[in-house]
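Hydrogens, waters and symmetry mates play no part in the numbers below; they use all other heavy atoms, side chains included. Proteins get letters first, then strands, A, B, ... in listed order; numbering begins at 1 in each.
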There are 2 protein chains.
Amino acid sequence: MHDERSKEETWVADEEERVNCDHRARSALESSAAPASVERAAAIFRALGDPARLMLMARLARAEACVSELAAESGDGLSTISQRLRLLRAERLVLRRRDGKHIYYRLADQHVAELISNGLEHADE
Amino acid sequence: MHDERSKEETWVADEEERVNCDHRARSALESSAAPASVERAAAIFRALGDPARLMLMARLARAEACVSELAAESGDGLSTISQRLRLLRAERLVLRRRDGKHIYYRLADQHVAELISNGLEHADE
DNA sequence: TGTTCAGTTGAATAAGCTGTGAAATGAGAG
DNA sequence: CTCTCATTTCACAGCTTATTCAACTGAACA
């Protein structure tokens, strides 16, 4: 307990700070977002909000893989991985296909990949 | 309990699916992300993973506001809003400044705004 | 049909969160 | 210095979530 209230960031209240920042990424923020969208978006964020799950997603972003591969790579149990994937699948963030005895998972779409990428980028700065 | 294992999405295993999707957003995903980055990114996602908090962030994305305004607008108690902001601030997603008796909050940076925007966009599709 | 291999699901326990009222801060006004 | 207003912190009850073991499903194949 020592951080969290460090620098107060005075952000010069009179500089007008170009509030209408034209960087884009305003589209969804300009007007009050629909409650349903917020719910859904929060659900997506929550699903990505666990280190183990996010790691899994980052791994899948690199290439599809089956449960046993993922379990072996991460060192976690099959059941554990399966449960994580279950949750991610429930949020429709991953898709799966069966190939013989194995079931391969991959990210649901490229948009998801971007979201993860953005998060990871923002993380180390 | 009825959804979650609906369509199996066969994703045509032989179409090769242009795996090297050139949409960008690969940067952070190409190689195994650093554990620290994953932790941090997950923490950010987790912070945004609560409807009430995300709503708050979406609100702040529109314009800065002080606690009482936010409380009045959302209908929640002061204490509740304050706690939400505390968590968001602990993750450095919002900044605050004091002006007389009030304390104004706003998003920490434009990158955060983008993240939220992306999430909301992905939400309704 | 029966066996095996790959994954899934259920249940239980443990750990972590969130909202909330009451008490505490802290800057300005008198 | 004291009072007050805006906001924060504390502490806790109540709810959600993650992991794990064991039991189960369901292809493949002999």
Atom-pair distance (CZ on A/Arg97; C1' on C/dG7), nearest Å: 15 Å

Contact under 4.0 Å: A/Tyr104 side-chain N or O vs C/dG7 OP1/OP2: no

Between P of D/dA18 and CG of A/Leu85, the distance in whole Å: 13 Å

Pair B/Glu121-B/Ser117, side-chain donor/acceptor within less than 3.5 Å: yes

Residue closer to the 5' end of DNA chain D, A/Thr80 versus A/Asp99 (nearest nucleotide): A/Thr80

Distance test, side-chain N/O of A/Arg84 to OP1/OP2 of D/dA18, below 4.0 Å: no

Sugar-phosphate, base or nothing in reach of B/Ile103, heavy atoms under 4.0 Å: sugar-phosphate

CA sep, side-chain torsions, deciding dist, call: A/Asp50, B/Arg46, side-chain contact (heavy atoms from CB on, under 4.5 Å): CA-CA 7 Å; A/Asp50 177 77; B/Arg46 191 188 322 125; over 6 Å; no

Check: A/Arg96/A/Tyr105 side-chain N/O donor and acceptor closer than 3.5 Å: yes

Length of the CZ-C1' vector between A/Arg46 and D/dA18, whole Å: 14 Å

Spacing of A/Arg96 atom CZ relative to C/dT8 atom C1', expressed in whole Å: 8 Å

Presence of donor-acceptor pair under 3.5 Å, side chain of B/Gln83 and base of C/dT20: yes

B/Arg98 CZ - D/dC5 C1' separation (whole Å): 10 Å

From D/dA18, D/dT8, C/dT8, nucleotide with atom closest to A/Leu87 side chain: D/dA18

Distance in angstrom units between A/Arg89 CZ and C/dG7 P, rounded: 14 Å

Heavy-atom donor-acceptor pair, A/Ser82 side-chain to C/dG7 base, under 3.5 Å: no

Selection from D/dT19, D/dT8, C/dT18 that lies nearest to any side-chain heavy atom of B/Asp50: C/dT18

Toward the 5' end of DNA chain D, by each residue's nearest nucleotide, B/Ser68 or A/Gly100: B/Ser68

Geometric class of the B/His122/A/His111 ring pair [parallel <30°, tilted 30-60°, perpendicular >60°]: perpendicular

Nucleotide nearest B/Ser79 when distance is taken to its side chain, options C/dA22, D/dT7, D/dT19: C/dA22

Phosphate-side-chain proximity, A/Tyr105 and C/dA6, N/O vs OP1/OP2 below 4.0 Å: no

Integer-rounded Å distance: C/dT4 C1' and A/Lys101 NZ: 6 Å

Atom-to-atom span, CZ of B/Arg86 to C1' of C/dG19 - whole angstrom: 13 Å

Residue pair A/Arg53, A/Leu87: steps toward the side-chain contact (heavy atoms from CB on, under 4.5 Å) verdict: CA-CA 9 Å; A/Arg53 237 143 41 205; A/Leu87 196 154; 3.5 Å; yes

